[in-house]
S.K.: 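Take a look at this one; I'll ask things after.
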Amino acid sequence: MDVDTNKLLNMGVLIVATLVVARLISALIMPRSGKRLPPVVRTFPVVGGLLRFMKGPIVMLREEYPKLGSVFTLNLVNKKITFLIGPEVSAHFFKAPETDLSQQEVYQFNVPTFGPGVVFDVDYSVRQEQFRFFTEALRVNKLKGYVDQMVTEAEDYFSKWGDSGEVDLKYELEHLIILTASRCLLGREVRDKLFDDVSALFHDLDNGMLPISVIFPYLPIPAHRRRDQARKKLAEIFANIITSRKDSGKSENDMLQCFIESKYKDGRPTTEAEVTGLLIAALFAGQHTSSITSTWTGAYLHCHKEYLSAALEEQKNLMEKHGKKVDHDVLSEMDVLYRSIKEALRLHPPLIMLLRSSHSDFSVQTREGREYDIPKGHIIATSPAFANRLPHVFKDPDRYDPDRFAAGREEDKVAGAFSYISFGGGRHGCLGEPFAYLQIKAIWSHLLRNFELELVSPFPEIDWNAMVVGVKGKVMVRYKRRELSVN
Ligand code: HEM
């Protein structure tokens with residue numbers, strides 16, 4: 001052996017020895033259970049994490065999950081985001097109290113849109129009370145009234161279609177859902193008299209929520225200025241409506257009325273500004289999410305004839321049983337349609353990333369038995385878009401298969417709670433889920449019963465760039481009016 005080889009060998013032995021000693025020291029310092037920090041996504045220093053995230057969080061998850069597993073951390077400039085992917089590791093995310101995992105900091109960017117004094121602008125005790133107002137406004141007795149309005153809106157809207165033609169289904173459903181939401185949530189005054197003004201103002205609010213707004217919600221850019229003006233005008237419009245409702249003493253069946261009549265625990269009634277803010281929050285939570293889901297449902301059903309036939313058969317059976325009547329209880333019997341919507345929403349949850357800010361250390365255990373300690377101060381994230389397609393939870397996960405939710409399979413439950421997270425779950429699970437299903441069912445039961453549709457554009461792609469992730473481009477369908485004949 002020459003001198004160089006010897007030197008090399010000695011260096012090698014030294015490195016190995018150092019590594020062994022370092023490992024031993026860390027084993028002594030670390031707790032006995034061998035807990036450790038989650039693995040970290042390898043990126044370029046400083047801005048590397050941001051660049052990976054900007055390329056698209058789902059792209060990043062697809063690349064890192066197979067390498068790092070269900071728990072890992074991404075360094076995002078001065079923040080650390082820890083991802084918890086899959087039901088085995090996400091219980092804490094959904095169940096933790098606000099003192100441990102909070103929404104307020106991570107969803108702050110909504111404040112200029114929703115306005116002061118509501119939701120993420122108030123502390124948790126007030127927010128909880130405001131969410132109670134939502135719960136009360138969405139109780140079954142209220143939903144029954146909303147359904148009648150949903151059905152009327154759908155009948156009116158589609159009565160304007162001809163006997164046959166071609167339409168952009170995405171545009172049509174977006175439009176119908178704004179009308180229905182206006183009627184059920186914002187109230188008769190807006191729907192009947194102020195619809196154009198109010199929807200233009202909502203449009204400005206919508207366009208004022210850009211990806212950059214998440215980091216700099218008050219950046220002085222034209223879109224934010226228009227957003228702020230629109231919000232002010234909406235507040236004026238609703239203040240007038242609320243005053244005239246109070247003066248006339250007339251009560252309506254809509255969310256506006258519920259919010260006007262809501263009272264905090266100490267007996268204080270809601271202010272006009274709070275009512276406006278809560279209505280805006282409701283519209284932001286429910287409008288795009290529902291219209292996107294309606295479009296995906298239609299696209300999938302019309303590309304999978306077996307499921308379309310099953311949905312049609314169900315409509316025929318219900319017509320035989322109940323005649324042409326469609327109300328809350330009839331919609332609740334539409335199980336095939338329910339599963340068809342649920343499956344479209346599994347494949348395409350519009351809210352692709354849910355976030356929390358952690359205020360205390362916690363540990364998670366992966367399904368492989370690895371334990372990780374996640375220090376306080378991290379942002380904690382989970383992803384419905386990624387977790388809803390995990391192959392160990394959903395069989396053949398990229399396939400549209402509504403039967404996976406049917407009795408006997410119930411893939412959304414088999415792997416445990418928080419397997420299907422399109423509506424979130426646990427402490428902050430969606431309060432509008434029943435409303436959303438009823439609205440989408442009301443639309444599709446009407447379309448199935450009255451029209452034969454055919455998708456004429458290619459199957460839609462996902463618009464990953466939108467804040468609420470939806471359908472890219474137009475979704476052209478050819479329609480022909482028909483009367484569904486009862487068996
Ligand atoms: C297909 C339609 C919808 C989808 C996919 C959806 C999805 C979600 C998700 C994922 C969350 C949880 C957010 C988180 O954990 O950070 C949530 C919360 C919420 N949603 Fe929905 N939503 C829909 C429709 C609606 C509608 C129609 C309303 C009201 C009319 C609504 C009101 C709410 C509210 C108030 C919360 C907050 C609950 C809380 O934090 O306690 N949503 N929604």
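In listed order, ligands and their atoms are each counted from 1. One-based numbering along the sequence shown.
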S.K.: Only one of Ile260, Thr276, Val190 forms a side-chain contact (heavy atoms from CB on, under 4.5 Å) with Ile241, so which one is it?
M.R.: Val190
S.K.: Tell me: protein heavy atom nearest atom 13 (C) of ligand 1, and distance?
M.R.: Leu354 CD2, 4.0 Å
S.K.: May I ask whether Gly425 places a heavy atom under 4.0 Å from ligand 1?
M.R.: no
S.K.: Which atoms of ligand 1 are found less than 4.0 Å from any heavy atom of Thr293?
M.R.: 1 (C)
S.K.: Which protein non-hydrogen atom lies closest to atom 12 (C) of ligand 1, naming both residue and atom, and how far is it?
M.R.: His428 O, 3.6 Å
S.K.: How about Phe405 and Tyr420: are their ring centres within less than 6.0 Å of each other?
M.R.: yes
S.K.: Hey, is the main chain of Val471 close enough, under 3.5 Å, to the side chain of Trp296 for a donor-acceptor pair?
M.R.: no
S.K.: Is it the case that the side chains of Glu88 and His392 hold a donor-acceptor pair, with the cut-off being a distance below 3.5 Å and no angle test?
M.R.: yes
S.K.: Is the Tyr264 to Phe133 ring centre distance short of 6.0 Å?
M.R.: yes
S.K.: Among residues at least two apart in sequence or on other chains, which ones pass side chain to side chain donor-acceptor pair (under 3.5 Å) with Glu333?
M.R.: Lys321, His322
S.K.: Centres of the Tyr437 and Tyr338 rings: under 6.0 Å?
M.R.: yes
S.K.: Which of the protein's N, O or S atoms come within less than 2.8 Å of atom 21 (Fe) of ligand 1, not counting waters?
M.R.: Cys430 SG
S.K.: Tell me yes or no: between the side chains of Tyr146 and Asp254, is some donor less than 3.5 Å from an acceptor?
M.R.: no
S.K.: For ligand 1, which atoms have a heavy atom of Gly429 less than 4.0 angstrom away?
M.R.: 38 (C)
S.K.: Just by distance, no angles: are the side chains of His359 and Glu105 close enough, under 3.5 Å, to form a donor-acceptor pair?
M.R.: yes
S.K.: Within a distance under 4.0 Å of any heavy atom of Phe435, pick out the atoms of ligand 1 and give their elements.
M.R.: 27 (C)
S.K.: Between ligand 1 and Tyr107, is the shortest N or O to N or O distance under 3.5 Å?
M.R.: yes
S.K.: What do you reckon, are the aromatic ring centroids of His428 and Tyr107 less than 6.0 Å apart?
M.R.: no
S.K.: Which heavy atom of the protein is the closest neighbour of atom 15 (O) of ligand 1, given with residue, atom name and distance?
M.R.: Arg356 NH2, 2.8 Å
S.K.: Give the residue, atom name and distance (to 0.1 Å) of the protein heavy atom nearest atom 5 (C) of ligand 1.
M.R.: Ser422 O, 3.6 Å
S.K.: Return the option from Ala282, Ser290, Ala181 holding the heavy atom at the smallest distance from atom 30 (C) of ligand 1.
M.R.: Ala282
S.K.: Verify whether the ring centers belonging to Tyr400 and Phe459 lie closer than 6.0 Å.
M.R.: no
